[in-house]
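Here's the structure we're looking at; comments come further down.
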Amino acid sequence: MKLLFIGDIVGKGGREAVRTLVPELRRELGISFVIANAENSAGGNGMTKRCLAEMSDVVDVFTGGDHIWDQKGFDAEINSIPNLVRPANLHKTQPGRGFGIFRNPAGGDIAVINLQGKVFMRDSAYCPFETVDNILKSLPSTVKTILVDFHAEATSEKIAMSYFLDGRVTAVIGTHTHVQTNDAVVRPGGCAFMADAGMTGADTSVLGREVEDVVRKFTSGMPSRLNVVEAGCIRLDAALVTYDYITGRASEIVPVCRKIQIN
Ligand SMILES: [Fe+2]
Ligand SMILES: [Fe+2]
């Protein structure tokens, strides 16, 4: 069984790339389930129900991150989006849910858990290790396939999480840095890991933002608007995980990168 995990979708260009490329990837690679981090899918900041609906024909489950509440009013609509999980270790009074169990049409259930890191992250969160431990204890034993999107800055925190969860989950895949890492590995206990899946956004950009805007910000130190690059060559970064849905163990994880011209 194969699932695809797509790195942070940035803006309209990213959404368009997902809509066009995912059906092709599903056919070509034999993918039966697609999960995507959508924390920057609405104009580069946060998400809206409408933005997710645009991609729901091709993506099964969306995850979030530290930008989850960037769009005004999203807190009021998140509970009406059944195929979204946001970081589980946010304050317990926040709306939404941190994990969900979803049916894979090709076989078996998939639990998707979203966590946020604590190291070098602007928002405080509960301990992601303790949080995921509690979630795993609460899952029915019939759920064998478990994917964790660990939305975090520090590679050390992500690598530690993959060892912590090895033998208990199918995959730990990192998001948030928007840069795909060259470290895909299956741990001895069958946990597939990649420190960051990368980004689905403009190929010529700084993490999806206009190069000139970001360079000006760094060279002048002045606060400035960082516009999102919405068209041109858009890259879709992802991780392809092969797993056994009976045992929940992964056997392979490989990086995926596709590029498309969006006008
Ligand atoms: Fe993030
Ligand atoms: Fe992001």
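Counting starts at 1 for both ligands and their atoms, following the listed order. Throughout, residue positions are numbered sequentially from 1 according to the sequence presented. The basis for the numbers below is simple: all heavy atoms, side chains too, and nothing from hydrogens, waters or symmetry mates.
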Review point. Any side-chain donor paired with an acceptor under 3.5 Å for Asn114 and Thr63?
Key: no
Check your understanding: Is there a donor-acceptor pair under 3.5 Å between the side chain of Asn89 and the backbone N or O of Tyr126?
Key -> yes
Practice item. For the Fe ion (ligand 2), report each protein N, O or S atom nearer than 2.8 Å, sorted by chain and then by residue number. Key: Asp8 OD2, Glu39 OE2, Asn40 OD1, His178 NE2
Exercise for review: Verify whether one side chain among His178 and Asp237 offers a donor that lies under 3.5 Å from an acceptor in the other.
Suggested key: no
Check your understanding: With respect to Val169, which candidate in Leu147, Leu136, Ile113 satisfies the side-chain contact (heavy atoms from CB on, under 4.5 Å) definition?
Key -> Leu136
Check your understanding: Pick one: which of Leu3, Asp60, Thr145, Ile110 meets side-chain contact (heavy atoms from CB on, under 4.5 Å) with Asn104?
Key -> Ile110
Check your understanding: Does a side-chain heavy-atom distance below 4.5 Å link Ile35 with Ile6?
Key -> no
